[in-house]
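Read through the structure below, which is laid out as structure tokens, and then see the notes.
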Amino acid sequence: MNYHIVTYGCQMNVHESEKIAGLLRGAGYTRESAIEDADIVVFNTCCIRENAENHAFGNIGALKKLKRQRKGMLIAVGGCMAQEEGKAALLVKKFPFIDIVFGTHNVAELPALIERKRREKKVVSLLADRAQTEDGAQPYRTSYPNAWVNITYGCNNFCTYCIVPYVRGREKSRSARNILEEVRALVQAGYREITLLGQNVNSYRDGEVRFPALLDAVASVEGNFRVRFMTSHPKDFSAELVSVMKRHDKICNLLHLPAQSGSDRILSLMNRRYTREQYLEKIAMLRSAIPEAEVTTDLIVGFPTETEEDFEATLSLVREADFSSAFTFIYSPRTGTKAAGMEGQIPEEVSKERIARLIAQVNENTRAKSERYVGRTIELLCEDYDEKKGLYLGRELLGRMGYFASGENCVGEFIRMRVTRANGVSLYGERL
Ligand code: 5AD
Ligand code: SF4
């Protein structure tokens, strides 16, 4: 018996799919890379924007024919879209060939649901929220030399555009002891980069242990590895955290700090609980302590009532904050969120025109920053081999991707590269 997992969405979902793979392997399944040859196909879905849902709908629909040819094939749909209010019912109605639907809070139950499916025609199992933070799943990792480690689940922030708090439940922190045990084991197993994951890592709390203390403890684990963390909410990003970042060479001086908008009026409508000025102050605080620190961000255009002036404030924020790169999104109304019911929804043509201008501004910044790398020597953690380019690739401490030729396989090694050329966000060079 074998499995094939299709993953949509963020890092959190990618890691969750590693856990699903671990659970299926525990139940005796092996990995199958061709979807048409799989005995069980698992869709791990995302619902953050409408296009994420449309992708999943399209690809699930495409399995109808396959399923007719291979009667024994099981199709399971889980993740954020499955957890969304009313979506499970819609999924099984639209795609009657789905066998199992599971949510974000009962991933660990999947092997049991597969068993149940042997006796029942269809199994739909969703929980209202997570009962505990330890799901007992041993992830089957395919991301060497990087390893993701969850530190929190869920979110309490209720930004008015965002569906995450509804599908991922209330914020819960894992115990610091469990996190540290996992990190130690990963480092011992040879992983070279640990990324701590949470919707808002800065609000981590296990009794007296807050995020800066946890990060300090993780970076104090013996061994040759790097530490990253994401995502940080600007309102909770603190001086204490900056001092921990400064203290440890192992912690990457790269901060992903979603700004969402540069306009105070829009930030307030989004319920972000900071102003443009406060956001810029947080970055200034980081850069005054660690001058080389890089900041990346998420930006949304076309939030309800966004005027040209509001949008220009976002454009100017990109210049002022000097982001090294940014994920840019067109606002997508999500049923059940506060913003979906707001007046002043922005026509798509306007949003499209704005996002094109925003991307051009972000790219200009990224390019200018990349150019400054030419001639420098950087240290990369080699992550993979790019077949198409015939080059190895790795990331430097500040998050930039570098490509180089190497006679020997060096995945998992720290290597030094002299940068000879920059192309957009990527750097090219010679291995030293
Ligand atoms: N529409 C567009 N973008 C969104 N994001 C979250 N919800 C929405 C939405 N409804 C973006 C935010 C967040 C990132 C993960 O996705 O920028 O930081
Ligand atoms: Fe969504 Fe805001 Fe929570 Fe991020 S902090 S997951 S944007 S509600």
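These figures come from a predicted structure and were not determined experimentally. All heavy atoms count here, side chains included; hydrogens, waters and symmetry mates do not. Nothing fancy with the numbering, it's 1 onward along the sequence. In listed order, ligands and their atoms are each counted from 1.
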Any salt bridge between [X] and [Y], counting N to O under 4.0 Å?
X	Y	value
R319	E364	no
E396	R376	no
R265	E306	no
K369	D322	yes
D99	K67	yes

Under a heavy-atom criterion of less than 4.0 Å, does I163 contact ligand 1?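 Contact check I163 vs ligand 1: negative.
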Taking only heavy atoms of Q199 into account, list the atoms of ligand 2 that are under 4.0 Å away from them.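 Atoms satisfying the 4.0 Å criterion: 6 (S).
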Taking 4.0 angstrom as the limit and counting only heavy atoms of C155, give me the atoms of ligand 2 inside it, by number and element.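 Near C155, meaning under 4.0 Å from one of its heavy atoms, ligand 2 has 3 (Fe), 5 (S), 6 (S), 8 (S).
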Atoms in ligand 1 flagged as close to [X], the criterion being non-hydrogen separation under 4.0 Å:
X	result
R334	10 (N)
Y331	1 (N), 2 (C)
I330	1 (N), 2 (C)

Just let me know how [X] lines up against ligand 1, side chain, backbone, both or neither, with a heavy-atom cut-off below 4.0 Å.
X	answer
V164	neither
I48	both
Y161	both

Which heavy atom of the protein is the closest neighbour of [atom], given with residue, atom name and distance?
atom	value
atom 1 (N) of ligand 1	S332 N, 2.9 Å
atom 11 (C) of ligand 1	R49 NH1, 3.2 Å
atom 7 (S) of ligand 2	Y161 OH, 3.3 Å
atom 12 (C) of ligand 1	Q260 OE1, 3.4 Å

Any idea which part of [X] is under 4.0 Å from ligand 2, heavy-atom wise: side chain, backbone, both or neither?
X	result
P165	side chain
F158	backbone
C159	both

Examine all N, O or S atoms of C162, backbone included, and report whether one is under 2.8 Å from atom 2 (Fe) of ligand 2.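 Given the 2.8 Å cut-off, C162 does not count as a ligand of atom 2 (Fe) of ligand 2.
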Looking at ligand 2, is there an atom of it that comes within less than 4.0 Å of some heavy atom belonging to R272?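 A heavy atom of R272 does come that close to ligand 2.
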Looking at Y274, is K282 sitting on its ring face, NZ or CZ under 6.0 Å from the six-membered ring centre and within 45 degrees of the normal?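 No, K282 and Y274 do not form such a contact.
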Quick one: do the Q260 and Y161 side chains pair a donor with an acceptor below 3.5 Å?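 Checked: Q260/Y161 side chains pair up, N/O donor to acceptor below 3.5 Å.
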Any donor-acceptor N/O pair, R141 side chain to L186 backbone, under 3.5 Å: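 Checked: no pair found.
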Within the side chain of H4, is there an N or O that forms a donor-acceptor pair under 3.5 Å with the backbone of V41?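 Pair absent, no side-chain N/O of H4 close to backbone of V41.
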Tell me, yes or no, whether the heavy-atom count around Q11 atom CD, taken from other residues, nucleotides or ligands under 6.0 Å, exceeds 12.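 For Q11, atom CD is crowded (more than 12 foreign heavy atoms under 6.0 Å).
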How close do F303 and T160 get, counting heavy atoms only, and between which atoms?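 Reported closest heavy-atom pair: CZ-OG1, 3.4 Å.
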Nearest heavy-atom neighbours spanning C382 and P145: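 Residues C382 and P145, closest heavy atoms: O-CG, 3.6 Å.
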Nearest candidate to atom 5 (S) of ligand 2, where distance is taken over non-hydrogen atoms, out of N157, D236, N202: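 Going through N157, D236, N202 one by one, N157 has the nearest heavy atom to atom 5 (S) of ligand 2.
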Is D298 close to ligand 1, meaning an N/O of one under 3.5 Å from an N/O of the other?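 Checking ligand 1 against D298, an N or O pair does fall under 3.5 Å apart.
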